[in-house]
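Accompanying notes for the structure given below.
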Amino acid sequence: MSTILDTGAADDLGVPAAQRRSAELERQIREQPGRFRALTGDRPTGRLHLGHYFGSLHNRVRLQNLGVDMMVLIADYQVLTDRDVADRLTEHVENLVVDYLAVGIDPDRATIFTHSAIPALNQLLLPFLSLVSVAELSRNPTVKDEIAHSRQSAVSGLMFTYPVHQAADILFCKARLVPVGQDQLPHLEIARTIARRFNKRYGIAASPVFPEPEALLSAAPLLLGTDGGKMSKSRGNSIALSATADETARLIRGAKTDADRHITYDPVARPEVSSLVLLAALCLGRDPHEVAGEIGGKGAAALKAVVTDAVNDYFAPIRARRAELARDRAHIRRVLRDGNERAAAVADATLTQVRAAMNSLY
Ligand code: TRP
């Protein structure tokens, strides 16, 4: 979503510190997974792609399987910030659920929900807005970056305030962990600030209403799109989870490489070639240097053949499951209804506590 992070700005966001903290959190999760609730989510803008899979979906399934209580949010209000997707929203939302289930998110253990269906979550936005200043909101680097890249002529009020709504996404269920990419760190900082300020203003010191959530940065390296840019649904450079084997082959055949015939793994000097090598290595569960070494002088065509086979083999079972799930829309809607019901109960309980703390429980 964001390009600020491709530059030196990562340090300013406290990325190294967040990475160290994430490593410590991972240790605690392995010891006592049941103590943690994690919340993360996606904007329903289209099909999820391989970058999402290796960057985040894979990690969610891992956390779920370790025993972490996973809340998976489909951010159907947040998506209204910068594009008009309203007419295809149902389709995008249902496709996300299909993608989730296909990759192994288990609705019996994880809660999949849409925030538009959770009134009490949305109500938290009001008190939360009172706890942040306009100046703080307009400093958010991820929002600034989105405004800079927005195709819309006017910046909506939601664009400035959605990070506060995102704080409600996280705090309504008192999630301790938020598995996200670096571009989400400014939003998480706002959620932490709101939790702290709410507790200070309304809480009784001994029993704060909200725990301060923490980012859990995934260790997964970044996959580039087929044009060498950031892989993104909107840039047409991604390989969707739902792509067929033939589409995958075609997309990889058209991927950008470079003039050096000898294949190596060198993400800094050769980002495009290295991203292809990395994709093969991730699918094969192997070291990218080794994969590159074996291809060596055989060149880019050989590399692309290896990548295509690796991706198609790895995703064949996921794609088969996906196709089957996509045929049963009633099941998909049931999963969402159940998730929404569970999330709504959690939100109601939190809102009751919030209203009590604010002396507005009449
Ligand atoms: N902002 C996230 C994105 O653009 C999606 C999102 C919405 C989210 N609410 C969230 C992520 C809460 C983590 C926690 O991808």
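For ligands, and for the atoms within them, numbers begin at 1 and follow the listed sequence.
Listed by atom number, the atoms of ligand 1 under 4.0 Å from L39 heavy atoms are 12 (C), 14 (C). Close approach of ligand 1 to G41 is summarised as follows: ligand atoms under 4.0 Å from at least one heavy atom of the residue are 5 (C), 11 (C), 13 (C). Below 4.0 Å from some heavy atom of A75 lie the following atoms of ligand 1, by number and element: 7 (C). Residue contact check: Q78 has heavy atoms under 4.0 Å from atoms 1 (N), 2 (C), 4 (O), 5 (C), 6 (C), 7 (C), 9 (N) of ligand 1. The ligand atoms of ligand 1 that sit less than 4.0 angstrom from a heavy atom of V178 are 13 (C), 14 (C). Close approach of ligand 1 to V180 is summarised as follows: ligand atoms under 4.0 Å from at least one heavy atom of the residue are 13 (C).
Under the 3.5 Å distance criterion, the side-chain polar atoms of R261 are matched with a main-chain donor or acceptor of G297.
Annotation: Y77 is not in aromatic contact with Y162 [ring centroid separation under 6.0 Å not met]. Ring centroids of F172 and F210 are separated by 6.0 Å or more, keeping the two rings apart.
Counting heavy atoms from C-beta outward, L336 and H331 have side chains that stay 4.5 Å or more apart.
Within a 6.0 Å sphere centred on CD of E324, heavy atoms belonging to other residues, nucleotides or ligands number 12 at most.
Residue T40 places no N or O, backbone or side chain, under 3.5 Å from any N or O of ligand 1. Geometrically, ligand 1 and D42 share no nitrogen or oxygen pair separated by less than 3.5 Å. The shortest N/O to N/O separation between R43 and ligand 1 falls below 3.5 Å.
Cluster membership for I29 and V180, using ILVMFWY side-chain heavy atoms within less than 4.5 angstrom, is not shared.
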R319 vs S242, side-chain hydrogen bond (donor to acceptor under 3.5 Å, both in side chains): CA-CA, chis, key distance, verdict: CA-CA 6 Å; R319 287 168 169 170; S242 58; over 6 Å; no
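Proximity of Q184 to ligand 1, defined as any heavy-atom pair under 4.0 Å, is confined to the side chain (atoms from C-beta onward).
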